[in-house]
Amino acid sequence: MNLPSRIEIHEEGPREGFQIEKPGFSITDRASLVEALAQAGLPQIQVASFVNPSKVPQMADAPELFRAIHKQPGVRYTGLWLNDKGFERAIAVPEVDLEGVLYFYTSDAFCRLNNGTSAKAQAQDQRRWVARYAARGVLVHKAYVLTAFGCNFEGAISMVRLQEVLADMASLQDEKVRLDEVYLADTVGWANPRSVIERVELARRFFPQARIGLHLHDTRGTGLANALAGLQAGVDLFDASVAGLGGCPFSGHANGGAAGNICTEDLVFMCQEMGVETGINLERLIEAARLAERIIGRRLDGRVMRSGSLGAFPAHGH
């Protein structure tokens with residue numbers, strides 16, 4: 001297999017994981033999980049979101065959480081926002097590592113639920129965000145296509161629709177915006193390995209200079225298979241969530257816990273067994289996953305955290 005020699009994994013668990021759980025987890029526990037993930041070697045950790053506390057009360061204490069973390073040198077601690085008010089809240093917290101991210105949607109219905117506007121209006125608004133970021137000295141370098149594979153409200157997303165969104169994103173280059181990272185997000189778990197390869201190739205046609213990333217959910221059990229397909233397509237940038245934490249509260253799933261991101265330690269294990277470097281200490285990551293399970297207080301979905309790595313077996317070797 002023609003796999004990348006090294007990949008980069010961005011950790012989503014502290015934000016994507018706790019936003020789907022009931023409120024009430026202590027800042028001390030959540031900060032300790034972020035610190036454990038940093039010690040395992042994750043280069044970027046999304047700590048929390050700056051969103052409407054009445055809709056996502058789990059993230060109401062985001063500023064306090066950022067201030068509680070003992071930072072590790074060389075690790076980026078990021079946040080998420082969806083509107084001007086959230087951005088202003090994030091800017092007011094010096095501990096947040098700001099990054100200029102743009103968000104596009106293939107699904108109008110999902111965009112209305114997640115952002116309170118149509119997909120078309122959201123796309124038009126991204127040009128205003130470019131100017132807003134520039135005014136604050138924040139570099140725009142990354143964009144996401146949400147529901148890039150399918151939507152629980154609108155069904156399968158066609159390649160034609162995805163192409164329209166990618167073309168709109170690519171037109172930003174006429175306005176001197178350089179997107180170094182373009183993520184395809186399987187927000188509610190519709191992807192399969194074939195569609196991953198096809199859509200990564202499509203994204204590359206519009207952004208030949210960019211790294212194509214994948215934000216995958218294991219909603220229907222194909223998460224790691226989709227990640228492997230991404231690796232085979234040359235993808236070297238992934239979002240993942242420790243212990244499989246996570247989910248979107250607006251996804252339409254009867255059980256939000258079913259919508260978790262692909263599990264970070266399971267992805268790291270698979271890559272390391274195939275000789276793909278991640279820069280992450282798997283044993284420490286497993287410890288972080290077990291810590292997450294203790295904090296949440298119920299069984300989580302990670303596999304390797306339960307079985308352990310193969311490093312303890314004397315006959316194991318690459």
Side-chain angles (χ1 to χ4, degrees), residues 2 82 101-130 140-239 248 250-253 259 261-262:
N2 186 24
L82 299 175
V101 184
L102 305 177
Y103 297 98
F104 294 79
Y105 290 75
T106 64
S107 164
D108 192 69
F110 188 84
C111 187
R112 289 182 187 278
L113 284 168
N114 205 43
N115 275 75
T117 189
S118 69
K120 182 177 181 180
Q122 169 76 7
Q124 292 171 343
D125 197 41
Q126 297 314 288
R127 285 162 171 78
R128 184 183 65 83
W129 271 104
V130 170
V140 175
H141 73 107
K142 179 189 295 188
Y144 277 80
V145 184
L146 280 78
T147 56
F149 297 85
C151 170
N152 288 346
F153 306 103
E154 294 190 7
I157 298 297
S158 70
M159 289 282 281
V160 172
R161 173 58 182 148
L162 178 59
Q163 183 170 317
E164 291 171 352
V165 175
L166 290 169
D168 194 20
M169 293 167 59
S171 69
L172 287 169
Q173 295 171 129
D174 298 333
E175 301 172 31
K176 311 302 181 186
V177 177
R178 179 183 174 89
L179 294 176
D180 297 317
E181 299 175 6
V182 174
Y183 277 81
L184 301 178
D186 185 25
T187 316
V188 288
W190 280 65
N192 62 67
R194 179 174 178 174
S195 66
V196 166
I197 293 171
E198 291 172 345
R199 290 171 194 237
V200 166
E201 290 175 352
L202 178 62
R204 281 219 177 90
R205 291 206 290 273
F206 283 93
F207 297 96
Q209 84 290 349
R211 296 172 73 186
I212 305 302
L214 287 172
H215 177 100
L216 300 171
H217 283 235
D218 197 32
T219 313
R220 296 173 173 88
T222 59
L224 276 186
N226 294 335
L228 177 58
L231 289 167
Q232 291 172 318
V235 173
D236 64 353
L237 193 58
F238 291 87
D239 288 345
C248 174
F250 312 118
S251 64
H253 292 291
N261 284 98
I262 56 171

Identified side chain to side chain contact (heavy atoms under 4.5 Å, CB included) partner of R199 from the options I212, L214, L184: L184
Looking at SG of C111 and CG of L82, how far apart are the two atoms once the value is rounded to the nearest 0.5 Å? 9.5 Å
Drop me the distance from T147's OG1 to D186's CG, to the nearest 0.5 angstrom. 9.5 Å
May I ask you to say whether D180 pairs ionically with R178, meaning some side-chain N is under 4.0 Å from a carboxylate O? yes
If I take atom CE from residue M169 and atom CD from residue Q126, how far apart are they, to the nearest 0.5 angstrom? 9.5 Å
Student check: side-chain heavy atoms of L162 and V145 closer than 4.5 Å: yes
How would you list all residue pairs meeting salt bridge (Lys or Arg N to Asp or Glu O under 4.0 Å) that involve residues 187-198, not counting sequence neighbours? R194-E198
Within a strict 4.5 Å, meaning less than it, do heavy atoms of the L146 and F104 side chains meet? no
Does the pair Y105 and N114 meet the rule for a side chain to side chain contact (heavy atoms under 4.5 Å, CB included), with working shown? CA-CA 10 Å; Y105 290 75; N114 205 43; 2.8 Å; yes
Do T219 and V188 come within less than 4.5 Å of each other through their side chains, counting heavy atoms only? no
Compile the donor-acceptor pairs under 3.5 Å between side chains in residues 222-230 and protein atoms, sequence neighbours left out, one pair per line.
unit_1	atom_1	unit_2	atom_2	d
T222	OG1	A191	O	3.3
T222	OG1	N226	ND2	3.1
N226	ND2	A191	O	3.3
N226	ND2	T222	O	3.1

Looking at side-chain heavy atoms only, is the closest gap between F149 and I157 below 4.5 Å? no
What residues form a side chain to side chain contact (heavy atoms under 4.5 Å, CB included) with R112, not counting sequence neighbours? D108, S118
Test item: K142 and L102 side chains (from C-beta on) under 4.5 Å apart, heavy atoms: no
Partners meeting side-chain hydrogen bond (donor to acceptor under 3.5 Å, both in side chains) with S107 (sequence neighbours left out): none
Sidechain N-carboxylate O distance under 4.0 Å for E201, R204: no
Tell me, which pairs form a ring pair (Phe, Tyr, Trp, His ring centres under 6.0 Å) where one or both residues lie in residues 158-215, sequence neighbours left out? Y144-Y183, H215-H217
With side chains defined as the heavy atoms from C-beta onward, is the minimum distance between L179 and H141 less than 4.5 Å? no
Can you list the residues that meet the side-chain hydrogen bond (donor to acceptor under 3.5 Å, both in side chains) rule with Q122, with sequence neighbours excluded? N115
For the atom pair CD (E181) and CG (L237), what is the distance rounded to the nearest 0.5 Å? 5.0 Å
